[in-house]
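Have a look at the structure below, then the notes.
None of these values were measured; they are calculated from a predicted model. One-based numbering, in listed order, for ligands and for the atoms of each.
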Amino acid sequence: MATDFKSIPLIVAFHGADISPLLANWDDPNMAEDKGVAEVVRQLDQACREAGFFYVISLTISSASFSIRQCIVIKQKGHGIPDSLVKEVRSVTRKFFDLPYEEKTKIKLSAATGYRGYQRVGENITKGIPDMHEAIDCYREVKQGMYGAFSNPLEGCNEWPTNPPNFRHLMEVYISLCTDLSRKIMRGIALALGGSVDELEGKRAGDPFWVFRIIGYPGVSCGHDMANSDIGCGAHTDYGLLTLVNQDDDITALQVRNLSGEWISAVPIPGTFVCNIGDMLKILSNGLYESTLHRVINKSPKYRVCVAYFYEPNFNAAIEPLDVCIENSGGTKKFEAAVYGKHLVSKILTNFVD
Ligand SMILES: N=C(N)NCCCC[C@H](N)C(=O)O
Ligand SMILES: O=C(O)CCC(=O)C(=O)O
Ligand SMILES: [Fe+2]
């Protein structure tokens, strides 16, 4: 349940300023007994109850330059995500959006591409109003007939630009590291909810779906007054479990709504992800955690880049409140079961008008 938070919490461990105890002990079945883990779990619980938003420090090792080889080594060691990769992802994104429209629209999103690919500014719609952003939307692959008829609209493979040349490879490595990091954070959140470490795995999210949005928000031009139509992304909640937002360091644009309706800025903290809770975790927690409303307004003259990774349940999971959360929230089940993939498809179909 959201509160009147005035700023977004930063998760800090006992010995160091990060979630490293969770990353170091994530596959230990007794990790809940580790003091460092317990402190991270306590902070996650508090942040999720108070704001539904928090910052985590993305890197556990620093590296001057990033290479794919290095990244594979990092993955094997089970570290977080190197800051150099996080920055590189934003840098290739900026290069792509800098290209002429004719070049970008070669990978145009449509119903025929399974809603994967490039959308121009104003194409994505939030509560009936066009958003002032352009984006590439990607989803985990959905093969024909994989989940039954309801997944048909999403069938297809992602549309990747060939320019910049390393774009696809870089993003695929990044997606894989975001999936690993999210799985570990979710184990912490499972404990925070009072469940077992693997409560949010197996039939719920053992085979997690993911959504990936590469987004650009044009800056405001000189002397131009802000109008309603200048909202980069209208107020919404995210659909799944956990979102990792990789945003530009130098522009404050993401805003989060607190209980009294004030918009609190998620001011960029270099080297961190802004994390937030989606609709499926709200249901699982029986409303103990809120999928907090947020929006984006770029009032800066500069173009803003954001790359958002969404960690989701199994596509066909029927998500309902956990027993432990029903007990801890007064004994009444507040939500009926929802199939995650159906929720996602219904959202996507209203985000785009043909
Ligand atoms: N997968 C996620 N969460 N995408 C977020 C997009 C939010 C805007 C969208 N038009 C909407 O109204 O939901
Ligand atoms: O641009 C941002 O900071 C956040 C974007 C967002 O909320 C989304 O894509 O769901
Ligand atoms: Fe969002």
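For the atom pair Asn246 CG and Cys178 SG, the distance stands at 7.5 Å (nearest 0.5 Å).
Residues Met186 and Leu281 form a side-chain contact, since some pair of their non-hydrogen atoms from C-beta on lies under 4.5 Å apart. Residues Ser20 and Leu22 fail the side-chain proximity criterion, which asks for heavy atoms closer than 4.5 Å. Contact of the Glu123 side chain with the Lys108 side chain is registered, since non-hydrogen atoms from C-beta on lie closer than 4.5 Å. Two residues are said to be in side-chain contact when any heavy atoms from C-beta on lie closer than 4.5 Å; Tyr289 and Leu193 meet this criterion. Within the 4.5 Å cutoff, the side chain of Met31 has no heavy atoms near those of the Glu33 side chain. Side-chain atoms of Leu200 and Leu241, non-hydrogen and from C-beta on, never get closer than 4.5 Å to each other.
Aromatic pair Phe315/Phe150: ring centres closer than 6.0 Å.
Neither the backbone nor the side chain of Ala308 has any atom closer than 4.0 Å to an atom of ligand 1 (non-hydrogen atoms only). Contacts with ligand 1 closer than 4.0 Å are made by heavy atoms of both the backbone and the side chain of Thr126. Here Ile125 has backbone heavy atoms under 4.0 Å from ligand 1, and that is the only part of it that gets that close. Using a 4.0 Å cut-off between heavy atoms, Asn124 contacts ligand 1 through its side chain alone, with no backbone atom that close.
For atom 2 (C) of ligand 1, the closest heavy atom belonging to the protein is Tyr239 CE1, 3.4 Å. Atom 7 (C) of ligand 1 has as its closest protein heavy atom His236 CD2, 3.4 Å.
Sorted by chain and number, the residues within 4.0 Å of ligand 2 by heavy atom are Arg213, Ile215, Tyr217, His236, Asp238, Val245, Leu254, His294, Val296, Arg304, Cys306, Phe310.
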Exercise for the section: Show your working on side-chain hydrogen bond (donor to acceptor under 3.5 Å, both in side chains) between His133 and Arg120 and close with a plain yes or no. Expected result: CA-CA 7 Å; His133 71 251; Arg120 63 179 196 284; over 6 Å; no
Practice task
Might you work through the side-chain contact (heavy atoms from CB on, under 4.5 Å) test for Thr332 and Ile326, ending with a clear yes or no?
Solution key: CA-CA 6 Å; Thr332 312; Ile326 298 173; 5.9 Å; no
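A side-chain N or O of Tyr340 and one of Glu312 form a donor-acceptor pair less than 3.5 Å apart.
His236 lies close to the Fe ion (ligand 3), since one of its N, O or S atoms is found at a distance under 2.8 Å.
With ligand atoms numbered from 1 in the order given, ligand 1 contributes 3 (N) to contacts under 4.0 Å with heavy atoms of Asp238.
For Asp238, the N/O/S atom at the shortest distance from the Fe ion (ligand 3) is named OD1.
Below 3.5 Å of separation, one finds no N or O of Arg213 facing any N or O of ligand 1. Between Asn351 and ligand 1, at least one pair of N/O atoms sits closer than 3.5 Å.
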